[in-house]
> 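Structure provided below as structure tokens; questions to follow.
Residue numbers run from 1 in the order of the sequence given. Excluded from the calculations below are hydrogen atoms, water molecules and symmetry mates; all remaining heavy atoms, backbone and side chain alike, are included.
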Amino acid sequence: MTEAQKNYVLALELSNTFWSACKAGATPDALGCIADRLQEHQAEALRFLRTLVRRFPSSVPILKLYASFAFDVLCNEPLGDEILDLAVRLGGGDGTQEKTADDGKSERSGHQSSVTGRSSDVFKVGGAESIFDGGVSGQSRDAASLTTISALRNSSRVALVLMFFAVVALTVMSGQFGATEAAIRNLMYQAGLMRRTSLDVINQARTLQLLILNSAAQTALVAQQKVLRTSATSLLNQLKASFFQTGSQVTSDIISHWAWLALPDRALTKLDVFLNPMETFQLLYLNGFEAGTAPTSSLTANRPSITWILANGLTDTYFGFLLKLVSVYQTAYAGFLANTFWTMETTALALGCVPIIALTVTVLPKWLTLRRELDEATKLFALIPPSVASTLAIEMKSKLDSLTDNATSEGVQDSSTTRGGHVAFQAKGAKSAPLATQLFKALVGSSLLSVAFVAAMALCTVLPFQYYSNRAALLNWPGIRISGTVWTYLGLRELYQLGLTVPTTLRESIAVGNEVQYWRTSVAAMTDMIVSLHASTLYGNASLGLERTFGVFTAADAVNFLPSCSDISNPQCYSLDQNIAYLHDLVTASLSANSVPNSTLSELSRLASTTGPLALQINAVRSIFSLAHEDSIQTLNVGSVWLLLGSLLGFGAMYITLRQQFNAVEDRIKRTRSILFQIPEEATNAIPVIRSYLRTGVLVATIFPVHEMTKSELEIEKEEQQRERELEEQQQQQQRFQRQQQQQQQPPLVVPDPHYDFKLAAIPETKPEIRASILSLNDLHGVHHSDDLVTSSKSSLDEAQEDVGMSTDFQSRMQDYISGVEPLDIIEKSPSFASP
């Protein structure tokens, strides 16, 4: 029990120091500093006692020590009674001696019973609950005074929980938006595949028609039908993947575009019929599949299915429709990202403002109220009368001496050295920052840390969408180079066929000339677009949302600029950049010569093939772009996971820190009330402010700072001073009585009268009988004819004043006597002087 007893002793000593300082008129800050140290040792002693009770629940000495601690330090009489009763039941006896051991208990019993209740559930055999540090017993007594701190604690707890769920909400939102982004990006990718596949269906249908016109062998026709049928089937599958599905990925803009009547049906020239994209792709599939499955013997160049495909597909309108389709998906994707950015940023900003708003609107007013209550509660110490403080200091000193003697007799180390350290500490007046300030700093720190967590999570969840946007643009626009190459090949092949046509009439000649001009313009524009898109892919284009890839993606640069084999003169070994330049040179040469050589057409067919080198290189680059910024995205994703875990730990640490601060403030309030509960009830009744605070837990703000004392308060103060003087006089009388006992054997003090010596000198020698009478009287009073007698008399008088303790009035009369008043008259009127 050494540690428990040591802290118990230190708590009592600091209680004595507190009341002594209060008696001496110390400032509220100095008293609060002492009370803080007292609180520390109260908490330590209580912690050790609780540990001892849990380990030794049937130890009577421990229970008695705990009961004494509850009486003397905690001022919780119901708890002390209960523990003492248990100790009596375990140890036998009626417990009368123990219950009367505390001198101050009976004095405060009525006051304690009026403000506290029984706490039968506080202490149980085998364990104890803390009544000082958030326990049940003190909680009921101090519930009203803890209203503000409880409200502030609840507000802070709710704010922390909300901020943690805000971080979780950002994570969940990011996950949902990420899934939607991937779905829309996949739709855009499918739209690009659909664009190339539809062009391939047109190309294969035109190839089948040319074979029919050239009377190709049946085996060649069957093989071409199979290729056409495969392309048509692929178009249907891509159409299903792109549109025939449920979910929110298909936006209203995409649905509106699919229902837009964009294309006139050129196969029905006599009817004004327009087709929407859905109908166009469905009819393209149906006609391509029909031509691919028709019997070879029934195939003709003018078969309706082939005619419909070529009439509607081999036009600039159709290619513009394909570009518009992909652009709609790109616009929908960009709109989704913009909305996502706005939603995430707005949500993060709103969630980041929550702790600031909560701090200024909810927490700050409660904290200001709490700080005022703490300051006002500390100022209550200044209202305690010095006489009451003196009585309590004497009482605590008595308890301290008794407990120290018991501890010394039981072999417990004396704590005088430690006590001296505390006294030195108090003498320096050192103290830490006010609890209210520490709590406010913790609240502000928690708010700023919450904002930091939200901002960091917003950064980790929003930035990936920027990378996704750049990635989608790189997947979309560069893919048009494949479609443009296919269209260029179709145009040059039409020019080649037109070059083989020999018009027989002027009308036919004009028609052929117009069609040649149309295809020359279309092919030239398409070639320029391919070259422009290639340059934009390499060096960036803000209008298309393309970022610079040259020098950024090393793997893509290798495909773009490094030959695929060592024979750099062989077109089969060209890099992607060389193939784009080779395509441009072939088209430019053909258009300049107004003829398309067969070798050029063969090279273009190779480049336009879906399995050709150009398509493979573009797909390889797009695969690299599909993983663009993957390292950064993965870093952010991993960072968001770790940040979520860190926020859980961080908010847990903030909760623990705030809980410690709130507990410290609660302990301060309970400590203040515990000290005030030591004041006797009759004294608190004379101080309405303290009486109201102890009974209701509410502080009256209008009394602070301490105002001038009223008439009734002055009278109370005078009575207290009178009682203090009476107490001091009683102590002095006791000291005088002790001195009198020591001086009983000494002869009575005789005070000489120099006036009789003066009278003797004035009588002539001729009257011996009168001089003899005066000499006899002088001898009676100790007067002789020496001048030193007066000095001797004064010295004896001073000693008599010190020993007997004469009053000021009597001392004045003695001085008058020495100065010339009749000695017998003085002595007869002063009986206290006659009996020293």
Side-chain angles (χ1 to χ4, degrees), residues 195-197 199-211 213-214 216 220 223-224 227-228 231 310 313-314 316 319 478-501 515-516 518-535 537-538 559-622:
R195 175 189 59 209
R196 293 192 294 274
T197 304
L199 289 176
D200 188 64
V201 170
I202 296 171
N203 181 29
Q204 301 305 328
R206 178 58 172 163
T207 301
L208 179 62
Q209 185 185 49
L210 292 176
L211 290 176
L213 290 173
N214 293 327
Q224 185 59 34
V227 174
L228 177 60
S231 296
L310 298 180
L314 289 178
D316 285 339
F319 195 84
I480 297 179
R481 290 176 295 182
I482 299 178
S483 301
T485 303
V486 174
W487 184 261
T488 300
Y489 168 70
L490 291 175
L492 286 179
R493 188 171 60 178
E494 293 302 314
L495 288 175
Y496 176 78
Q497 294 296 329
L498 290 172
L500 298 178
T501 303
E515 194 164 355
V516 168
Y518 166 78
W519 282 111
R520 285 176 59 87
T521 303
S522 178
V523 169
M526 188 61 61
T527 305
D528 292 339
M529 186 188 71
I530 293 173
V531 174
S532 175
L533 283 176
H534 181 67
T537 303
L538 292 176
V559 177
N560 282 323
F561 300 105
L562 294 180
S564 59
C565 54
S566 58
D567 188 3
I568 58 176
S569 61
N570 185 1
Q572 297 286 344
C573 298
Y574 283 173
S575 65
L576 175 58
D577 185 70
Q578 289 174 323
N579 278 324
I580 296 297
Y582 182 52
L583 171 66
H584 181 266
D585 292 341
L586 289 175
V587 173
T588 302
S590 298
L591 296 180
S592 298
N594 291 325
S595 64
V596 180
N598 195 27
S599 58
T600 300
L601 199 60
S602 299
E603 286 297 307
L604 288 175
S605 176
R606 181 180 64 83
L607 293 174
S609 173
T610 55
T611 59
L614 182 63
L616 294 178
Q617 289 170 338
I618 292 176
N619 287 330
V621 171
R622 293 177 76 244

> Measure the CG-OH distance between Leu604 and Tyr496 for me, rounded to the nearest 0.5 Å.
13.0 Å
> Can you name the closest pair of heavy atoms from Leu314 and Trp487 and give their distance?
C-CH2, 3.9 Å
> Could you check whether any side-chain N or O of Gln204 sits under 3.5 Å from a backbone N or O of Gln224, counting only pairs where one atom can act as donor and the other as acceptor?
no
> Specify the closest pair of heavy atoms between Ala524 and Leu591, including all atoms of both residues, with the distance to one decimal.
CB-CD1, 3.8 Å
> If I compare all heavy atoms of Ser483 with all of Arg196, which pair ends up nearest, and what's the gap?
OG-CG, 3.0 Å
> Give every residue pair that meets the salt bridge (Lys or Arg N to Asp or Glu O under 4.0 Å) criterion with at least one member in residues 201-211, sequence neighbours excluded.
Arg206-Glu494
> According to side chain to side chain donor-acceptor pair (under 3.5 Å), who are the partners of Asp316, at least two apart in sequence or on a separate chain?
Tyr518, Ser522
> Go through the structure and list residues passing ring-ring contact (aromatic ring centres under 6.0 Å, His included) with Tyr489, not counting sequence neighbours.
none
> Could you list the residues that satisfy side-chain contact (heavy atoms from CB on, under 4.5 Å) with Pro597, not counting sequence neighbours?
Ser590, Ser599, Thr600
> Using the salt bridge (Lys or Arg N to Asp or Glu O under 4.0 Å) rule, collect all pairs that involve residues 589-617, keeping only residues at least two apart or in two chains.
Glu603-Arg606
> So, for Leu228 and Ala205, which heavy atoms are closest and what is the spacing to 0.1 Å?
CD1-N, 3.9 Å
> What residues, two or more places apart in sequence or in another chain, satisfy side chain to side chain donor-acceptor pair (under 3.5 Å) together with Thr488?
none
> I want to check something: taking the side chain as every heavy atom from C-beta on, are Asn594 and Val516 in contact at a cut-off of under 4.5 Å?
no
> For Thr588, check side-chain contact (heavy atoms from CB on, under 4.5 Å) against everything at least two apart and list the hits.
His584, Ser592
> Between CZ of Arg520 and CG of Leu492, what distance do you get to the nearest 0.5 Å?
10.0 Å
> Between the side chains of Arg493 and Thr207, does any donor sit under 3.5 Å from an acceptor?
yes
> If we only count heavy atoms from C-beta on, is the Met529 to Ile480 side-chain gap below 4.5 Å?
yes
> Hey, is CD1 on Ile568 packed in by over 12 heavy atoms from elsewhere, all under 6.0 Å?
no
> Could you measure the distance from the CG atom of Asp200 to the CZ atom of Arg195? Nearest 0.5 Å is fine.
13.5 Å
> Does any pair with a residue in residues 569-617 pass disulfide bond (SG atoms under 2.5 Å apart), and if so which ones, sequence neighbours excluded?
Cys565-Cys573
> Under 3.5 Å, is there a donor-acceptor pair between the side chain of Asn203 and the main chain of Leu199?
no
> Between atom CZ of Arg622 and atom CD1 of Ile482, what is the distance when rounded to the nearest 0.5 Å?
6.5 Å
> Would you find a donor on one side and an acceptor on the other, under 3.5 Å apart, between the side chain of Ser609 and the backbone of Ser605?
no
> So, using side-chain contact (heavy atoms from CB on, under 4.5 Å) as the criterion, who are the partners of Thr485 when residues are at least two apart?
Ile530, Leu583, Leu607, Ala608, Leu614
> Tell me every residue that passes side-chain contact (heavy atoms from CB on, under 4.5 Å) with Gln578, counting only those two or more places apart in sequence or in another chain.
Pro563, Tyr574, Ser575
> Can a donor-acceptor pair be found, under 3.5 Å and without considering hydrogens, that links the side chain of Asn570 to the backbone of Gln572?
yes
> Enumerate the salt bridge (Lys or Arg N to Asp or Glu O under 4.0 Å) contacts for residues 570-591, please, sequence neighbours excluded, ordered by first and then second residue.
none
> Indicate the atoms forming the closest heavy-atom contact of Ile618 with Arg481, along with that distance.
CD1-CB, 3.7 Å
> Can you name the residues that form a ring-ring contact (aromatic ring centres under 6.0 Å, His included) with Phe561, not counting sequence neighbours?
Phe550
